[in-house]
Amino acid sequence: MTPQPSRRADRARQVADVLRQQIHSGAFDRALPGEAELATEFDVSRNTVRDALALLKDEGLIERAPKVGTHVAQRKYDHGLDALRGLKETLREHGEVRNEVRAARRIAPPPAVARRLRLEPGEPAVYLERLRYLGDLPLSLDLTYLVPDIGDQVLARDLETNDIFALIEQLDGRPLGSADLVLEAITADAHSAATLQVPEGGALLLLERLTKLEDGRPVDLEYIRLRGDRITMRGSLVRPVDSPDWRLI
């Protein structure tokens, strides 16, 4: 099969992908290398470099100005996918996470939620809605459903400064064990956009997470909207030893 020649737009995306990762990892203290240096490093034309930088500028990651050059505008915060931690634990080294509690009450849960939490027919759940800030920056909008025996006790605790995970472990006296999660990209609806201070239609990460105690009992179902422009999901994956594909080579 004859490989097709790559187009300038394709090469620009390749350059942008590498530069984006370098920005997030802190490889550039503030200023990015000049166009000529980047063109040499990536073995592309300066026009391709300009296209790549335009992509990053549109994402809000860099700022560009004549005679000033290209500078990092903002970096994302890493949120791990290979450990069960709350946002406060995850971002501890970056500053203080605080919560604006928008709802905290008992409700009759939707049937799908009740099934996920293994609730009996007619059994209530505790519903929490929190807007979570790092300093003055809104980072996530969390909708949480808790089983009632734990949730009722959580309602009596300080919800403005604590992670729910830490409260559950304190109240139950046992560690959390595991979580099932789904992560997908969505666009910000008008309400979410206004709440998280992002453009309507902007990129959000939606994390659905069902958290269980050490004995496997589900206790916490969350739907978390994270700002896609400020959060990067990271994890370390291990290839299964029983994967058959390598034997076919």
Checklist entry - Does His191 offer a backbone N or O that forms a donor-acceptor pair with the side chain of Thr195 under 3.5 Å? => result yes

Item to check | Salt bridge present between Arg50 and Glu35 (N-O < 4.0 angstrom) | outcome: yes

Checklist entry - Does Asp51 come within less than 4.0 Å of Arg8, counting only side-chain N to carboxylate O? => result yes

Checklist outcome for this item: Test side chain to side chain contact (heavy atoms under 4.5 Å, CB included), reference Arg234, set Asp78, Asp82, Leu81, output is Asp78

Checklist entry - How long is the span from the CG atom in Leu226 to the CG atom in Asp142, to the nearest 0.5 Å? => result 7.0 Å

Next on the checklist: Between Asp180 and Arg209 (salt bridge meaning N to carboxylate O under 4.0 Å), is one present in this structure?
Outcome noted: no

Checklist entry - Should Leu137 and Leu87 be regarded as members of a common hydrophobic cluster, given that ILVMFWY residues are connected when their side-chain heavy atoms come within less than 4.5 Å of each other, either directly or indirectly? => result yes

Item to check | pair Pro148-Leu119: side-chain heavy atoms closer than 4.5 Å | outcome: yes

Item to check | Beyond-backbone contact of Phe28 with Ile23, side-chain heavy atoms, under 4.5 angstrom | outcome: yes

Next on the checklist: How close do Ala73 and Glu63 get, counting heavy atoms only, and between which atoms?
Outcome noted: CB-CG, 3.6 Å

Checklist entry - Can you check whether Leu128 reaches Leu143 side chain to side chain, under 4.5 Å on heavy atoms? => result no

Checklist outcome for this item: Contacts of Arg157 meeting salt bridge (charged side-chain N to carboxylate O under 4.0 Å, His left out) (sequence neighbours excluded), chain-then-number -> none

Checklist outcome for this item: The reported gap from CG in Leu155 to OH in Tyr127 (rounded to nearest 0.5 angstrom) is 13.0 Å

Checklist entry - Within the distance-only criterion (no hydrogens, no angle test), does the side chain of Gln153 pair as donor or acceptor with the backbone N or O of Asp149 below 3.5 angstrom? => result yes

Checklist entry - Could you give the distance from CG (Leu53) to CZ (Arg46), rounded to the nearest 0.5 Å? => result 10.5 Å

Next on the checklist: Here's a test for you: under side chain to side chain contact (heavy atoms under 4.5 Å, CB included), which of Val219, Leu117, Asp152, Ile168 qualifies with Leu146?
Outcome noted: Ile168

Checklist entry - Should we say atom CG of Asp43 is surrounded by more than 12 heavy atoms from elsewhere, each under 6.0 Å from it? => result no

Next on the checklist: Applying side-chain contact (heavy atoms from CB on, under 4.5 Å) to Thr232 and His79, what does each step give before you reach the verdict?
Outcome noted: CA-CA 6 Å; Thr232 295; His79 193 301; over 6 Å; no

Checklist entry - Shortest non-hydrogen contact from Leu38 to Pro33? => result CD1-O, 3.6 Å

Next on the checklist: Determine whether Ser45 and Asn47 satisfy the following criterion, side chain to side chain donor-acceptor pair (under 3.5 Å), listing intermediate values before the conclusion.
Outcome noted: CA-CA 5 Å; Ser45 69; Asn47 283 336; 5.1 Å; no

Checklist entry - For Asp163, which of Arg132, Arg85, Lys88 qualifies under salt bridge (charged side-chain N to carboxylate O under 4.0 Å, His left out)? => result Arg132

Checklist entry - Rounded to the nearest 0.5 Å, what separation is found between the OG1 atom of Thr144 and the CD atom of Glu129? => result 9.5 Å

Next on the checklist: I'd like to know if the side chain of Glu169 and the backbone of Leu176 have a donor-acceptor N/O pair within less than 3.5 Å.
Outcome noted: yes

Item to check | Step-by-step salt bridge (charged side-chain N to carboxylate O under 4.0 Å, His left out) determination, Arg116 to Glu208 | outcome: CA-CA 12 Å; Arg116 299 287 299 280; Glu208 176 195 295; 3.2 Å; yes

Next on the checklist: Restricting to non-hydrogen atoms, name the atom on Val126 and the atom on Gly151 that form the minimum distance, rounded to 0.1 Å.
Outcome noted: CG2-C, 3.5 Å

Next on the checklist: Do the side chains of Arg217 and Asp215 get close enough for a salt bridge, i.e. N-O under 4.0 angstrom?
Outcome noted: no

Checklist entry - Under 4.0 Å between a Lys/Arg side-chain N and an Asp/Glu carboxylate O for Arg102 and Glu100? => result yes

Next on the checklist: Please find the pair of heavy atoms, one from Phe165 and one from Gly86, that lie closest to each other, and give the distance.
Outcome noted: CD1-N, 3.6 Å

Checklist entry - Counting distance only, does the side-chain N/O of Ser192 pair as donor-acceptor with the main-chain N or O of Asp189 below 3.5 Å? => result no

Item to check | Residue pair Ser140 / Arg227, side-chain heavy-atom distance below 4.5 Å | outcome: no

Next on the checklist: Same cluster or not: Ile231 versus Leu84, using hydrophobic residues (I, L, V, M, F, W, Y) connected whenever any side-chain heavy atoms lie under 4.5 Å apart?
Outcome noted: no

Checklist entry - Does Asp220 reach the side chain of Ile164, with side-chain heavy atoms less than 4.5 Å apart? => result yes

Checklist entry - So does Glu59 pair up with Arg20, basic N to acidic O under 4.0 Å? => result yes

Item to check | Step-by-step side-chain contact (heavy atoms from CB on, under 4.5 Å) determination, Leu139 to Val97 | outcome: CA-CA 9 Å; Leu139 279 183; Val97 171; 5.9 Å; no

Checklist entry - Does Leu183 belong to the same Ile/Leu/Val/Met/Phe/Trp/Tyr cluster as Leu204, with side-chain heavy atoms less than 4.5 Å apart forming each link? => result no

Item to check | Audit row: Asp17, Gln21, side-chain contact (heavy atoms from CB on, under 4.5 Å) steps and yes/no | outcome: CA-CA 6 Å; Asp17 287 346; Gln21 187 278 328; over 6 Å; no

Checklist entry - Nearest 0.5 Å, what's the CG-CD distance between Leu206 and Glu184? => result 5.0 Å

Checklist entry - Would you say Lys76's side chain and Gly228's backbone share a donor-acceptor pair under 3.5 angstrom? => result yes

Item to check | Heavy-atom closest pair, residues Pro109 and Ala114 | outcome: CG-CB, 4.1 Å

Checklist entry - Should Leu221 and Tyr223 count as side-chain neighbours, where that means a heavy-atom distance under 4.5 Å? => result yes

Item to check | Leu159 side chain reached by Leu167 side chain, heavy atoms, under 4.5 Å | outcome: yes

Item to check | Smallest separation among heavy atoms of Arg106 and Pro124, with atom names | outcome: NH1-CG, 3.1 Å

Item to check | From CG (Leu131) to CZ (Arg225), nearest 0.5 Å | outcome: 12.5 Å

Checklist entry - Can you find a pair of side-chain heavy atoms, one from Glu200 and one from Thr187, that are under 4.5 Å apart? => result no

Checklist entry - Do Leu205 and Leu141 sit in the same hydrophobic cluster, where Ile, Leu, Val, Met, Phe, Trp and Tyr count as joined when their side-chain heavy atoms come under 4.5 Å apart? => result no

Next on the checklist: With a 4.5 Å cut-off on side-chain heavy-atom distances among I, L, V, M, F, W and Y, is there a chain of contacts connecting Val72 to Tyr77?
Outcome noted: no

Checklist entry - How about Asp29: does its CG atom have over 12 heavy atoms from other parts shown lying under 6.0 Å from it? => result no

